[in-house]
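In what follows, a single structure is set out as structure tokens and then discussed.
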2 protein chains.
Amino acid sequence: MSTAPLDFSRLKPKGGKRSSKREQIVNVFLRQEGHLSADDLVDIIRKDDRRVSRATVYRTLQWMVDAGIARKVDFGEGRSRFEHSYRQPRHFHLICQTCHRSFEFLSSDVELLIEEVATARRFSPAKSVVQIYGSCEDCREGRKASADDGHSDLVFARDALRIAIATERSGLEFYTRAAKVTRDARARVVFDHLASEEKEHLGKLEARYAELVQRDRLLESRPTFLFFKGAASGIFAEGTEKLLHGNDQQALLIGIKCERGSHRFFKKYGEQFEESEGKQIFLEFADEEREHLDLLMREYRALVKRQGKAGRAGRAASGPRAGAR
Amino acid sequence: MSTAPLDFSRLKPKGGKRSSKREQIVNVFLRQEGHLSADDLVDIIRKDDRRVSRATVYRTLQWMVDAGIARKVDFGEGRSRFEHSYRQPRHFHLICQTCHRSFEFLSSDVELLIEEVATARRFSPAKSVVQIYGSCEDCREGRKASADDGHSDLVFARDALRIAIATERSGLEFYTRAAKVTRDARARVVFDHLASEEKEHLGKLEARYAELVQRDRLLESRPTFLFFKGAASGIFAEGTEKLLHGNDQQALLIGIKCERGSHRFFKKYGEQFEESEGKQIFLEFADEEREHLDLLMREYRALVKRQGKAGRAGRAASGPRAGAR
DNA sequence: CTAGGTGCAAATAATTTGCAGAGGC
DNA sequence: GCCTCTGCAAATTATTTGCACCTAG
């Protein structure tokens, strides 16, 4: 993460004056990594400047939370901790009960399930907390705290690429197979087109991944930060099965579902990040998926039209809803 | 939930004497539902007996946590709350930020994902916390707190049955289709057998569900407590697809995966509960799934043997591991 | 009789607040 | 000069502890 001081002049929650103390505290906070308690921060600040009041630190932390620079997290220790939230998406935590370090991860799959539960319970979720308490590898093996979590923009970009690649592979397999088995000539053209697109993208993504790994030799050994099975995880298989039974329409619906899922995923995380390589990859990929989605939707509609009153299958699956712009 | 006092003589954490105060506090706590703060409990206790010290309540709460009667939960309010843990599995929470009520749910799917993340990060999880903060339906629609959460043994039994039924249906479909398309005569016998078993179980389960609903007219309208897609959610489709490609071995593996998944699920929750109807259903079902699993495993081994060195596919999928006893 | 259990009041611990003075605009 | 920030000390809140006393086994 960059250590250069940032421009917070626009981050003032209501108004608030430029003040040396506040600026100093904010800068020190942003320079730290991990999850600091108010007291940790006081200690660090006091190394620089003996006469900083505890109250000011608490007030500044509250100000940072309001300004969206910091996020309050509670690991059940009876006191709050604070983490950066500027340029960081919300994430979940692994908390070691032995060394009290905490590690971050993000799982779109978990988020999806949480949304499903909330919907089923007619609950409007505002934020969710997922914390895994236990012991980390270092503690179990008696090691002292080893290398840092390595959670950097590069890791994020790496995971973004891995997921994009897995999604492309899965899509490529589906469209290739689809083009082979479909009985509908027009659909075959679409599937062929999509298959060749996936192939091309796949090549680009793999090259980009190789380039990324080049930049940091240890990158591939760093722990996964971002988890998402989504479209890459066998959902397409369902579609192929439908095709084999001659149900092109249902197969298209499944393709649509997959593309929409990955479009949403990449869009969402792309928007949460700022100015990083991961963000770029995410947004580019979101666009590509969007195009595929549109294409499939057009094709689906055309197919339904051609098949006339073959709308039975469409009704059963409730049809494709409006796009996820 | 029963309001009859229970026998806590064996629940003493180390030793500890029978004392009127402690027993009184424990009984009052168990009679309450929801998530009480220490202070809530003090207020309630003091209605009965004016001279109970705050300290004693705190000490008794700690004792209950040690004894496994209570569980401490932290909803980030700066104070702890306590919930029953006796005869209650660990669960997750929906927390309304408006009315400050909290609701419970359980999602095996979320637990599975959490385990995957922990494994990927080489972390040994001890417990996990999932909290969804937001606003409940009552608050959004300006209603006052409506009917209770209705989280009772009956709801648990209902959800258990629903999941069991969905699993049976999915399995029935798979085995029926499998019996139809497999080219292997011996496998067909096994699939036929399993299909007829699933059909029989399905009938029983549906009758039992109807009987359950009979007992409480509102039961079906109560919110879902237990979420699990597991084997019921299209995983079997993957298996059918393999079969269609003539890969009986892979199809069997997928059947094994599904049966194992549901066996584990029912075993796990069956063991967490005590003496309830839900527990019975879970354990019975776990046994049935176990039998199917064993049958499939035997068949898988026989098939591999018959096919001689056709072990390539088996290697690719790493084969079925030892049973989940 | 003796190990706990209990009440009361004091001690901690994290965080907040009142208020007078300092400092930016 | 006004309005906000800051430091300090006092207040607040949740929880724990020391200690003298009480009670069950």
Side-chain angles (χ1 to χ4, degrees), chain A residues 7-29 35-46 48-67 69-82 100, chain B residues 7-29 35-46 48-67 69-82 100:
Chain A
D7 175 27
F8 294 114
S9 42
R10 290 177 204 163
L11 291 176
K12 291 172 186 172
K14 302 179 177 183
K17 287 180 184 171
R18 178 162 295 221
S19 95
S20 53
K21 285 283 156 62
R22 178 170 298 175
E23 214 132 306
Q24 190 189 347
I25 297 172
V26 171
N27 281 327
V28 170
F29 172 73
H35 303 90
L36 298 171
S37 67
D39 219 56
D40 292 339
L41 194 54
V42 170
D43 286 349
I44 298 164
I45 300 278
R46 287 228 170 123
D48 281 339
D49 186 344
R50 177 67 42 190
R51 70 190 121 200
V52 180
S53 160
R54 201 168 237 81
T56 303
V57 172
Y58 274 104
R59 280 189 278 237
T60 306
L61 280 168
Q62 185 53 54
W63 180 88
M64 285 193 277
V65 170
D66 293 341
I69 303 169
R71 211 179 277 132
K72 203 172 188 168
V73 290
D74 188 337
F75 295 158
E77 306 163 291
R79 58 183 170 168
S80 304
R81 292 183 170 275
F82 295 84
H100 301 287
Chain B
D7 175 27
F8 293 114
S9 41
R10 290 176 204 163
L11 290 176
K12 290 171 187 175
K14 303 179 175 180
K17 288 180 184 173
R18 177 161 297 219
S19 93
S20 54
K21 283 285 156 59
R22 179 169 297 174
E23 215 131 305
Q24 191 189 348
I25 296 172
V26 171
N27 281 327
V28 170
F29 172 73
H35 303 89
L36 299 170
S37 66
D39 219 56
D40 292 338
L41 194 53
V42 170
D43 286 348
I44 297 164
I45 300 278
R46 287 226 172 126
D48 281 339
D49 187 344
R50 177 70 38 194
R51 70 191 121 199
V52 181
S53 160
R54 202 169 234 81
T56 304
V57 172
Y58 274 103
R59 282 189 276 236
T60 305
L61 280 168
Q62 185 54 54
W63 179 87
M64 285 194 278
V65 170
D66 294 340
I69 303 169
R71 211 179 277 132
K72 204 172 187 168
V73 290
D74 188 338
F75 295 159
E77 307 163 289
R79 60 183 169 167
S80 305
R81 292 185 170 273
F82 296 84
H100 300 286

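Each chain gets a letter, A, B and so on, in the order its sequence line appears, and its residues count up from 1.
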_B:Arg54 and B:Arg46: CA distance, side-chain angles, deciding distance, side-chain contact (heavy atoms from CB on, under 4.5 Å) verdict_ = CA-CA 10 Å; B:Arg54 202 169 234 81; B:Arg46 287 226 172 126; 3.8 Å; yes

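- The shortest heavy-atom contact between A:Phe29 and A:Leu41 is CA-CD1, 4.1 Å.
- Following rounding to the nearest Å, B:Asp74 (CG) and D:dT13 (P) show an atom-to-atom distance of 19 Å.
- Taking 4.0 angstrom as the limit, A:Lys21 places a side-chain polar atom (N or O) nearer than this to OP1 or OP2 of D:dG7.
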*Which letters describe nucleotides 13-18 of chain C, given B = protein heavy atom under 4.0 Å from base, S = only from sugar-phosphate, - = neither?*
-SBBBB

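- Side-chain atoms of B:Asp66 and B:Gln62 include a donor-acceptor pair closer than 3.5 Å.
- Using modelled atom types, one side-chain atom of B:Asp40 and one backbone atom of B:Ser37 make a donor-acceptor pair closer than 3.5 Å.
- Atom CD in B:Glu23 sits about 15 Å away from atom C1' in C:dG4, given to the nearest Å.
- Looking at every heavy atom in both residues, A:Lys72 comes nearest to A:Val65 through N-CG2, 4.3 Å.
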*Could you check B:Thr60 against B:Val26 for side-chain contact (heavy atoms from CB on, under 4.5 Å), going step by step and ending with a plain yes or no?*
CA-CA 8 Å; B:Thr60 305; B:Val26 171; 4.1 Å; yes

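- D:dC5 atom P lies 12 Å from atom CD1 of A:Ile25, rounded to whole Å.
- At C:dG7, none of the side-chain N or O atoms of B:Arg51 fall inside 4.0 Å of OP1 or OP2 (strictly under the cut-off).
- A sub-4.0 Å separation between OP1 or OP2 of D:dG7 and a side-chain N or O of A:Thr56 is present.
- Rounded to an integer number of Å, the gap from CZ of A:Arg22 to C1' of C:dG24 is 12 Å.
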